[in-house]
Each structure stands twice: as C-alpha cells, then as structure tokens.
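Here's the structure, in structure tokens; my notes come after.
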Amino acid sequence: MTRGRFKLTKAERIRKSQEFQQVFKRGERINFPEFNLVFALNNLNISRMGVGVGKRFGNAVKRNRAKRLCRELFRLNKYKIPKGIDLIFLPKKAILESSWQELNGRIEEAVRKIAKRIHEKRE
RNA sequence: UUAUGGGGGUGGAUGAUCGCCUGUUGUUUUUAGCAACAGGAGGAAAGUCCGGGCUCCGCAGGGCAAGGUGGUUCGUAACACGAACCGGGGGAAACCCUAGGGAAAGUGCCACAGAAAAUAGACCGCCCCGCAAGCUGCGGGGUAAGGGUGAAAAGGUGAGGUAAGAGCUCACCAGCUACAGGGGUGACCCUGUAGGCUUGGUAAACCCCACCUGGAGCAAGACCAAAUAGGGAGACGCUUGAGGGUGGCCCGCCCGAGUCUCCGGGUAGGUUGCUUGAGGUGUCAGGUGACUGACACCCUAGAUGAAUGAUCAUCUUAAACAGAACCCGGCUUACGGCCCCCUAAGAAG
RNA sequence: CGGGACGUGGCUCAGUCUGGUAGAGCACAGCGUUCGGGACGCUGGGGUCGGAGGUUCAAAUCCUCUCGUCCCGA
C-alpha cells in the first residue's frame, strides 16, 4: 500500500483551464507568508493540485523553482490532506528564501486549517 | 612576479532516499496501470536585432512607391554575419575603433556671437582722394596682411610687388582635377607631366547612384469532432392528424405543426505539424583565413497548467547569468570562480 | 510564443516628424486681498527628458544597443 504513497500522477493534477476557473470561482482562500491556497470540493475520491504563477513573479527560472517546490510540498504531504478536494497554490516571492523545514511546518498548519473548514462545511 | 592588449576552454562533482517526462520491450484488470532498460536544458536556451528553411495566401512580365544595405575581394543556403586586404582615426607598443559611395546633379539647414556663414564680406585697422581744420573730424573709394567673434572666416611659408594690399606674380609645401606609365582580381598604392591657383560642413537632412526585399507566421497549416444555434437535400404530415404524453399493450383521453434521416461548414476538446538536421565527432586533403571536400563512426529533449526536481551528507562555502516550446546560421546583451595560449612595456635575476 | 505602443518637474500631458530657448495645467512655497480661511491675483522654486554608445559644431529630438511599463492575438 505504501508503494504509491508519494507519487504524483497526471490524474492528481488540475490540467484544464475550466477546472482552474471553477476552483477560483467556488473555492475558499487561506493566506500564508510564503504562499496562498485556494481549495474547493470536487466530486472525486482523490485530491488534486495545481500551481498558479504569474509573470510578475520573476523570470522563468524563479517561476519554475516556485512550481517545483509547491509540487513537492503536495506530493510529500498528500496522505495528510483530506480526499476529494482541489487545491491551488499561489506562491509568493518569500517562498524562494524559505527553508524546507519552514515550508513543511507551514503545509502542516495549512492541512489542519483545511480539514477544519471542510468538516464545518460538510455538516 | 606585477601590469597591458588579444584569443580560447570550463559552466559543479560524488553518494543515499523520495519523485517527474518521453521512448522501447514485457505483462495485466488494455481510452489505463505496473515492471525493466535507455534518454532527458544553455553558452547564452535570453533579447527578438537580422538572415534562411518549412507552411498557408498572392503572383504572366515589367515599372513605381515603401523599407533596407553601403570600401574591395572572398566565404555562405542567406545575411546587416565572418575572413583577408585597402583607406581614415587613436595608442609608447602589442593592438583597438571605423554606417567608410556621391556635397563641381539639385534643394534645405548652419542657432547665439560676429561686419560677414557660402552668388563671400569693410566693424576696428591700413592706404589714397576731396572738404573743413590747432590735436583731428566728415564724405567718397581701395584693401582680406593684422584685431576681435565663432564649431567653422574661403590654402600655408618666404620673396617680389604696391598708395596700402591681395595667387596679383614666382619658389617650395599641402590639397584638387585631368592625363600617362607601373603594381594589384579589386578597393587602392607608387612615379611623372599638365592645369586653374583653391572648391566650407551636414546625406544616422531631403536626395542621387549601385545592390537587395511579395505578405503573413507553428497561436502557420492539416486532420478527427460533442453540445447549442443556423444552412442544404430527401421522406412523412398540417384537422381525412406526422409526432409526442399517459400506459405492460390496444382502445380511449390530452397536447399538437412540425418530425425524422442524410450531407456540408465548424466551436469546445483532441490528434498531427514535432524533431535526422544547411546535424555532430574524428582523420586526411585544399585554402593565408572564414570555410570547403572525401571517408569512417554516432543518433543526442520533444513537454502542452507545460518534465529534467526535492531533501540530506562530503568536497574550505556550492554559490554567477540563467530554463528548450517548429528548426537552423549569426548578432547583441547578462555572467561567480578556475584554467590555458599568444603579446607589448617595465622591474629583478 | 508572436505582433504593437509608450517612458519629459510630485501628478496628467505638449514639444520629437522639420536638431540650437525644455513648456502648460494641477500640486508646492512666498506676497497681496480678508477679522481669519477658501476662492482669486502676482511672484518664485523644482526636470540626469528611462539608461549607455554613436552621427553632428550642437541631440529630449536622428541612428544603434539596452531597461521598464502597458495593450492585442488560442
């Protein structure tokens, strides 16, 4: 069971423009110093993720770096995140200066907040 | 060793754990998953400043317009690029810079200052004449040697000459034009003769001359193709009722003017274009060189919310600029550290 | 990725084509007017013309390179 635990397949990524639009339209936001999160319920039994980085963020190298960090955060902490939600990362410039430990702490905090809100919403 | 100028290379490595994309093979529960193996960013991938290939549109041929290029000869698929050479400028030198055709084809412009800024021109000065007169003043004329202005003032020096001067005349020098001879494929260089004595700058102002350029771009283009709306053709039907609802079915009842099939275009979306190419590496040959030819070997990213990463450890500390998006050839710009070669000058030995 | 426009005082813009003086409005400061303020009138300060190089006697203006901002095209 633990074999595919840390994988990140194509099905687990938000890939269409319409799906992004839906999440932004219906989702909720949580903000942190290093990144903002937008999440919404989907009707699937898995969670999916996407990253949004604008041109203002920096050059191509910086944008790529930010996306890769976000993907790693999702991939390594996926098993903690409740199933059935779409999650979009909007990284800020501070993410490039943050250490891995800081980001890991931040994502755990985020997961707790999301779980709480999802719980309230379902009741 | 220090320092100057030029050229070239390198562009983190190793290990562990967890992942991503593509291809091939195998397998299964076959629009997909799993396993194994192989491959997976740059010298600038960047800026998009040029040149091509490749697509679609246009096109008998020629001219105009518009834009670009601008020493010569080579190189190249082509270029605004490169090489060698010529001319000019800078430097003590190695070496560097150079949009470098034409200003006697024409037009325009040259602010301020200055008398005058391009058919030259008399403010002061110098000289002559006339009138008045004590020093001198006024008027007419000659004069570009001197002063002053300016970025720029119409050859320079010397002698003759003159009322004073002036290429007005002469010598030398600089420069121009024409001709002749020689060298070079050529730009151009060298030598000689003659001429008039002399012609400002600006063409990255209009322009003239020579040469080049059809327009768009992979979001090009091609193919497959939901839903909705609409187009064309055919069939059935419009109170003698097609079709639909109710219902297990028929009758009945209710609604009722359209319904069904096919074709073509085509949006969302998908597939393709998509990587074997003016390709690399090596040897030999030709050429001063850019480059070219022959032979052998190699296959080296192809994503699409967009892969090549994350964490830890060691290397003294791992760090610069920076990420393919149809593909090549250049140019330009950014860049930490390290290494190599050539070179001028100085110091020491 | 491709195509196009714009950078001038603190702000909004002229001037660039056709090269020699950088100008207007608002804002700011001072004075006048008023018992005081506003409005009004007069006066004044403030600009590396995004940056670098070139052409020219001379560049905001012409040429080349570069930086930044904005717009358009699935």
Side-chain angles (χ1 to χ4, degrees):
Chain A
M1 181 56 210
T2 55
R3 269 196 319 186
R5 186 183 183 185
F6 297 116
K7 292 202 172 181
L8 185 64
T9 61
K10 279 184 176 177
E12 289 174 292
R13 278 176 273 168
I14 303 172
R15 299 181 67 195
K16 293 191 178 179
S17 189
Q18 282 188 344
E19 293 169 348
F20 270 88
Q21 295 298 324
Q22 282 190 348
V23 174
F24 278 113
K25 199 174 168 186
R26 293 192 285 187
E28 291 188 58
R29 268 174 176 266
I30 305 179
N31 297 341
F32 298 100
E34 293 85 4
F35 51 85
N36 295 347
L37 287 174
V38 182
F39 65 95
L41 291 167
N42 60 13
N43 293 321
L44 306 170
N45 60 352
I46 55 168
S47 289
R48 301 186 301 175
M49 66 89 66
V51 187
V53 189
K55 205 165 189 178
R56 291 175 175 276
F57 191 84
N59 59 28
V61 173
K62 288 178 183 168
R63 293 200 301 270
N64 267 341
R65 167 82 182 165
K67 285 196 231 172
R68 284 164 180 163
L69 284 171
C70 289
R71 272 199 291 271
E72 286 294 302
L73 284 173
F74 182 83
R75 183 173 71 80
L76 296 173
N77 295 284
K78 194 172 68 176
Y79 63 97
K80 300 174 187 165
I81 298 171
K83 284 191 163 54
I85 64 168
D86 283 344
L87 190 65
I88 296 178
F89 287 77
L90 300 170
K92 300 182 186 175
K93 286 182 184 174
I95 198 172
L96 299 179
E97 277 86 47
S98 305
S99 70
W100 183 246
Q101 280 79 11
E102 283 172 354
L103 292 176
N104 252 323
R106 195 65 74 188
I107 196 74
E108 290 199 23
E109 184 187 340
V111 167
R112 281 199 302 276
K113 283 191 177 180
I114 290 173
K116 195 179 169 191
R117 291 220 202 166
I118 293 287
H119 193 67
E120 286 169 358
K121 214 173 181 183
R122 279 180 173 155
E123 284 195 351

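Lettering of chains follows the sequences in order, A, B, ..., and the numbering in each one begins at 1.
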Which value, in whole Å, describes the distance between the [atom1] atoms of nucleotides [N] and [M]?
{"N": "B:rA220", "M": "B:rG270", "atom1": "P", "answer": "16 Å"}
{"N": "B:rG11", "M": "B:rA41", "atom1": "C1'", "answer": "13 Å"}
{"N": "B:rG286", "M": "B:rA278", "atom1": "P", "answer": "29 Å"}
{"N": "B:rC50", "M": "B:rC299", "atom1": "C1'", "answer": "32 Å"}

Anti/syn call for [N], syn if |chi| within 90°:
{"N": "B:rG232", "result": "anti"}
{"N": "B:rA41", "result": "syn"}
{"N": "B:rG167", "result": "syn"}
{"N": "C:rU43", "result": "anti"}

Can you tell me the distance, in whole Å, between the [atom1] atom of [X] and the [atom2] atom of [N]?
{"X": "A:Leu69", "N": "B:rC18", "atom1": "CG", "atom2": "P", "answer": "20 Å"}
{"X": "A:Leu8", "N": "B:rG309", "atom1": "CG", "atom2": "C1'", "answer": "12 Å"}
{"X": "A:Phe89", "N": "B:rG305", "atom1": "CZ", "atom2": "P", "answer": "19 Å"}

OP1 or OP2 of [N] versus the side-chain N and O atoms of [X]: is any pair under 4.0 Å?
{"X": "A:Lys10", "N": "B:rU304", "result": "yes"}
{"X": "A:Asn59", "N": "B:rG323", "result": "yes"}
{"X": "A:Arg63", "N": "B:rA322", "result": "no"}
{"X": "A:Arg48", "N": "B:rG305", "result": "no"}

Measuring only between side-chain heavy atoms, which start at C-beta, is [X] closer than 4.5 Å to [Y]?
{"X": "A:Glu109", "Y": "A:Arg106", "result": "yes"}
{"X": "A:Leu90", "Y": "A:Asn31", "result": "no"}
{"X": "A:Phe20", "Y": "A:Asp86", "result": "no"}

- request: Describe the nucleic acid contact of A:Arg13 in one word from base, sugar-phosphate, nothing, applying a heavy-atom distance below 4.0 Å.
  value: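 It contacts sugar-phosphate atoms only.
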
Side chain of [X] only, heavy atoms from C-beta on: which candidate in [options] is closest?
{"X": "A:Arg65", "options": "B:rA324, B:rU311, B:rA306", "result": "B:rU311"}
{"X": "A:Arg15", "options": "B:rG323, B:rU311, B:rU304", "result": "B:rU304"}
{"X": "A:Lys7", "options": "B:rA307, B:rC34, B:rA310", "result": "B:rC34"}
{"X": "A:Val61", "options": "B:rA322, B:rG305, B:rA310", "result": "B:rA322"}

- request: Check step by step if side-chain contact (heavy atoms from CB on, under 4.5 Å) holds for A:Phe35 and A:Ile30.
  value: CA-CA 9 Å; A:Phe35 51 85; A:Ile30 305 179; over 6 Å; no

Any donor-acceptor N/O pair, A:Lys80 side chain to A:Arg112 backbone, under 3.5 Å: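 No, A:Lys80 side chain to A:Arg112 backbone: no donor-acceptor pair under 3.5 Å.
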
query: What class does the angle between the rings of A:Phe74 and A:Phe89 fall in, given that below 30° is parallel, 30 to 60° is tilted and above 60° is perpendicular?
result: perpendicular

field: Any N/O donor-acceptor pair, A:Arg68 side-chain to B:rG323 base, under 3.5 Å
entry: yes

- prompt: For A:Phe20 and B:rG305, is the gap between ring centres under 5.5 Å while the planes differ by less than 30°?
  reply: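 Ring-base stacking flag set for A:Phe20 and B:rG305.
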
